[in-house]
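Quick notes on the structure that follows.
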Amino acid sequence: MRKNVDFLVIGSGIAGLTFAIKVAKHGKVCIVTKSKMDDTATSWAQGGIAAVMYTPDSFEKHIQDTIIAGDGLCNEEVVRFTINESSERIKELIKWGTKFDKTTTGRYDLAKEGGHSEYRVLHHKDSTGREIENKLLEQVKKHPNIEILENHFTIDIITQHHLGVEVNSRTEGITCFGAFVMNPRTRLVDTILSKITLIATGGAGNVYSNTTNPLISTGDGIAMVYRAKGAVENMEFIQFHPTALYLPEEKPAFLITEAMRGFGAVLKTRDGKEFMHKYDARLSLAPRDIVARAIDNELKLSGEDYLCLDCRHLNKNELINHFPTIYAKCLSIGIDISKDMIPVVPAAHYTCGGIKVDEFGRSSIVNLFASGECAATGLHGAKPDCTGQTDWLPTHCLNRLFFLTGPVHRPSARYRQ
Amino acid sequence: MVLNEEMVLITQSLKELQAIMSSYVGIVRSNLRLQRAFDRLELLYRESEDLYSKSILTPKLCELRNLINIGYLIIKAASRRHESRGLHYSLDYPRTSPR
């Protein structure tokens, strides 16, 4: 089967949906997703989304925090306009129906998290991602110009390579004409031709055994662009969360919050020996990078699959009060955290690199855009701002920018109908 | 010829890939670990491309192929960076180069 659309969007997370909603008034949009439409990493995101809302916070402070976290690899221009746009984009999410928690005075209840110098994280209970995803899906479903194809796996993007032209990484003017998609009903490969294609397929955490990403995060879009000889960069920067519950059969991994160490929990080897004194005077309270490296080193030295977090010396009632979800989760697998040590392991959390895009979201391939975790925008540099509340901003802002500038690429070849 | 009647051809390769990446290309990297990972990945790559060309396509097979590409991209990018910076830490190049 062959289908013609104006915009093809691959992926149905926040990146794909916001783009679809914005371009829908200009043409026919088709969103393809390999799973159910709400089965995305966006839905899993519990934290929040960072935005500069009130004084004393300022755009300049947020910009500085982000650049410091990026360890010298941030593109300052991208950081600057992304953050300057942040409150506008948040207002847009609110206009589409997203409800963020407010305090009794009616102001937004902002949280402060690692790497941020001010209170600026908006949230909806502990299910911010699901709230945003649901509200965006409502908008998408009621839009007459948008079609969603669920359970359609995109195999590859179409370029002149598929017309018999030899393409290598030095070829200029590689152009995207759409994508080949697996139709679950007919079990045949459909061709979807599009004027503009957006890849919004998310991260690639599942390349590691332990990951906090859902099972669908398999780096499909990045791999497709790489195979089509498009530019991919900064792939070595993978963020790991140092302590996820060790339970190999469970995916995604359950996070043991770093707040537990702040509360007094101590990292130990399987046989109960402390080891953090070898690495940092702050012991288990050392910064995340140092703890992650120390855990990695201990695992490498011993060849074991996991380490332990010991809370047995802490007051049981307080422990349950502060960490009810963790207590219940561990109990469900036979671990009473007041009596047993918690087995923990680092888990892949966020892919900083990906499809190389410019400040307008354009990839090196003509008519192909990328947004969200699969794109390397230059916002994060070598390290995102610790917990990732800024992750969602580029997605949302770059979509807007694409929109302001419009597609300036001119196709150099035409896909024959 | 249809090869992927047996899902194990895909699931086993996926487990191997994840084990290689977790053991050798995790938080701390070194030249030796990256080389070992690269050598092992090559075998998985050849097998999966062979399976891809000979069998009926399934999403699982496509995902495996994509993940093997991703593994390659991470190893390549890590091998080319002769410094430690941000989330990339190498035992052979523990310093951050001046920019």
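Note on naming: letters A, B, ... go to the chains in the order of the sequence lines (proteins, then strands), and numbering restarts at 1 for each one. As a basis for the values below, the full set of heavy atoms in this structure was taken, side chains included, without hydrogen atoms, waters or symmetry mates. On a predicted model such as this, the values are computed, not experimentally measured, just so you know.
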Minimum heavy-atom distance between Phe237(A) and Arg85(B), given as atom pair plus value:
CE2-O, 3.2 Å
Locate the shortest heavy-atom distance separating Ala223(A) from Ile70(B); write the atom from each residue and the value.
N-CD1, 4.1 Å
With a 4.5 Å cut-off on side-chain heavy atoms, are Leu17(B) and Val207(A) touching?
yes
Tell me if the NZ atom of Lys60(B) is crowded by more than 12 foreign heavy atoms within 6.0 Å.
no
Report, by ascending residue number, the residues of residues 293-300 of chain A in heavy-atom contact with chain B at a distance under 4.5 Å; give 'none' if the set is empty.
Arg293(A), Asp296(A), Lys300(A)
Sub-4.5 Å side-chain heavy-atom contact between Asp220(A) and Cys62(B):
no
To the nearest 0.5 Å, what is the distance between CG (Leu57(B)) and CZ (Arg187(A))?
11.0 Å
Indicate yes or no: at least one non-hydrogen side-chain atom of Gln18(B) is less than 4.5 angstrom from one of Tyr208(A).
no
Sub-4.5 Å side-chain heavy-atom contact between Asn234(A) and Arg81(B):
yes
Return the minimal non-hydrogen interatomic distance between Cys352(A) and Leu87(B), and the atom names on each side.
SG-CD1, 3.6 Å
Just wondering, do Arg227(A) and Arg65(B) contact through their side chains at under 4.5 Å, heavy atoms?
yes
Between Leu61(B) and Phe153(A), does the side-chain contact (heavy atoms from CB on, under 4.5 Å) criterion hold? Intermediate values first, please.
CA-CA 11 Å; Leu61(B) 176 56; Phe153(A) 192 99; over 6 Å; no
Give the minimum heavy-atom separation between Ser209(A) and Ala19(B), together with the two atoms involved.
OG-N, 3.7 Å
Would you mind checking which part of Arg80(B) comes under 4.5 Å of any heavy atom in chain A, side chain (CB onward), backbone (N, CA, C, O), both or neither?
neither
Proximity breakdown for Asp156(A) and chain B, heavy-atom pairs closer than 4.5 Å:
side chain
Looking at every heavy atom in both Asn210(A) and Ser22(B), which two are closest together, and how far apart are they?
N-OG, 4.4 Å
Let me know if Ser23(B) has heavy atoms under 4.5 Å from chain A in its side chain, its backbone, both or neither.
backbone
Angle between ring planes, Tyr72(B) versus Tyr226(A), binned at 30° and 60°: parallel, tilted or perpendicular?
tilted
Enter the distance from Leu73(B):CG to Thr351(A):OG1 here, rounded to the nearest 0.5 Å.
11.5 Å
Scored by heavy-atom pairs under 4.5 Å with chain A, the best of Asn69(B), Thr96(B), Ile27(B) is Ile27(B)
Of Met235(A), Glu233(A), Met224(A), the largest count of non-hydrogen pairs under 4.5 angstrom with chain B goes to Met235(A)
Salt bridge check, Glu63(B) against Lys34(A): does any charged N sit closer than 4.0 Å to a carboxylate O?
yes
As an exercise: rank Ile74(B), Ile20(B), Leu14(B), Ile68(B) by heavy-atom pairs under 4.5 Å with chain A and give me the winner.
Ile74(B)
Take a 6.0 Å sphere around OH of Tyr45(B) and say whether it holds more than 12 heavy atoms from other residues, nucleotides or ligands.
no
